[in-house]
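One structure is given here, and the rest of the page talks about it.
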Number of protein chains: 2
Amino acid sequence: MLSTFEVLSSAVRRDIIAQLRRGPSSVSDLNEALGISQPVVSKHLRVLRDTGFVRVRPEGQRRWYELRTEPFREVDQWLEPYRWMWEDRLDRLGRHLDAQREENQS
Amino acid sequence: MLSTFEVLSSAVRRDIIAQLRRGPSSVSDLNEALGISQPVVSKHLRVLRDTGFVRVRPEGQRRWYELRTEPFREVDQWLEPYRWMWEDRLDRLGRHLDAQREENQS
DNA sequence: ACGATATATTTCGACAAGGGTATATTCGTT
DNA sequence: AACGAATATACCCTTGTCGAAATATATCGT
């Protein structure tokens, strides 16, 4: 099972994700919109599904894939302790210093 | 040259980055703090340097590595068009719908 | 200049990811 | 039941990454 960042390390998968931002798509939709062969699309969607990036809703012979939010939240949370470095908000800096203190105590 | 997400896909590199969050470190610092062999540390730092995650400041025989902000901003910007999905702020949703309209026009 | 310490690079082998092609499965239609 | 469309999986091959070990480079102290 790949980690969240491993999933995002593939440009093809990021393209699929970006396309799904426009709304749910079937495999053939993605195949045509992105010019990626059907088996490759299916394989990547399998990875995206296993890692929680998408969920699938079968409707007849079509399978509609749509984005889920958890992995994005995860990236956002990972980013959190680094934000003080470039966001010049005083409260961020303050919270960072507090967190620093906590870490150094343990 | 690896892309930003490819760099972050390595758990070892994320560990190095997290350690550098505490402040600048030398190779041997990272070697001891993380239990990673010296050549491996150097090699990952090379990658992190080539991709803008860190910069190096030589001081005698030591080389101090410290974080740079650009790649983090990049991740933050990549995340931006997905934020409306889980952040329930009305302005985010509004801006998202505006952006949607723009995209569909082109 | 020499030895020691700190860091960088090279080489190698193991391993896994990615895509192409072929094939299997599933479901609707007739 | 048979066929066709949509999707999933299996297999193969190529390629790139990772870490280990060995070696090279740089800088300081003497």
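Every chain is numbered from 1, with letters handed out A, B, ... down the list of sequences. The shown structure was predicted, so the numbers you read here are calculated from the model rather than taken from an experiment.
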Could you tell me how far apart [X] ([atom1]) and [N] ([atom2]) are, to the nearest whole angstrom?
X: A:Leu2; N: C:dG18; atom1: CG; atom2: C1'; result: 12 Å
X: B:Leu30; N: C:dA6; atom1: CG; atom2: P; result: 14 Å
X: B:Glu6; N: C:dG18; atom1: CD; atom2: P; result: 10 Å
X: A:Arg63; N: C:dT25; atom1: CZ; atom2: P; result: 15 Å
X: A:Glu59; N: C:dG28; atom1: CD; atom2: P; result: 10 Å
X: B:Phe5; N: C:dG18; atom1: CZ; atom2: P; result: 15 Å
X: A:Leu45; N: D:dA6; atom1: CG; atom2: P; result: 16 Å
X: B:Arg57; N: D:dT27; atom1: CZ; atom2: C1'; result: 17 Å

| request: With the side chain of B:Val40 defined as its heavy atoms from C-beta on, choose the nearest nucleotide among D:dG19, D:dA6, D:dT9. | output: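 Nearest listed nucleotide: D:dG19.
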
Please work out if [X] contacts a base, only the sugar-phosphate, or nothing of the nucleic acid, heavy-atom cut-off 4.0 Å.
X: A:Arg13; result: sugar-phosphate
X: B:Val12; result: sugar-phosphate
X: B:Ser28; result: sugar-phosphate

[X] vs [N]: side-chain N/O to OP1/OP2 distance below 4.0 Å:
X: A:His44; N: C:dG19; answer: yes
X: A:Ser37; N: C:dG19; answer: no
X: A:Tyr65; N: D:dA8; answer: yes
X: A:Ser26; N: D:dT7; answer: yes

| request: In sequence, state the C-alpha distance, the side-chain angles, and the governing distance for A:Asn31 and A:Ser28, and then conclude on side-chain hydrogen bond (donor to acceptor under 3.5 Å, both in side chains). | output: CA-CA 5 Å; A:Asn31 170 24; A:Ser28 51; over 6 Å; no

| Any N/O donor-acceptor pair, A:Gln38 side-chain to D:dA8 base, under 3.5 Å |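 Such a pair exists between side chain and base.
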
| message | Can you list everything that forms a side-chain contact (heavy atoms from CB on, under 4.5 Å) with B:Pro39? Sequence neighbours excluded, please. | response |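 With sequence neighbours excluded, B:Pro39 shows a side-chain contact (heavy atoms from CB on, under 4.5 Å) to B:Ser37, given in chain and number order.
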
| request: Assign each of A:Lys43 and A:Gln61 to its nearest nucleotide of DNA chain D by heavy atoms, then name whichever residue's nucleotide is nearer the 5' end. | output: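 Checking each residue's closest nucleotide, the 5'-ward one belongs to A:Gln61.
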
| Of B:Pro39 and B:Val47, whose closest DNA chain D nucleotide lies nearer the 5' terminus? |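 With B:Val47 and B:Pro39 compared, the 5'-side residue is B:Val47.
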
| request: Go through the structure and list residues passing ring-ring contact (aromatic ring centres under 6.0 Å, His included) with B:Tyr65, not counting sequence neighbours. | output: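 Listed in chain order: nothing, the list is empty.
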
| request: Could you go through the ring-ring contact (aromatic ring centres under 6.0 Å, His included) check for B:Trp78 and B:Tyr82 one step at a time? | output: CA-CA 8 Å; B:Trp78 177 85; B:Tyr82 298 95; 5.0 Å; yes

| query | Is there a side-chain hydrogen bond (donor to acceptor under 3.5 Å, both in side chains) between B:Glu74 and B:Thr4 once you walk through the steps? | reply | CA-CA 8 Å; B:Glu74 192 183 326; B:Thr4 298; 3.0 Å; yes

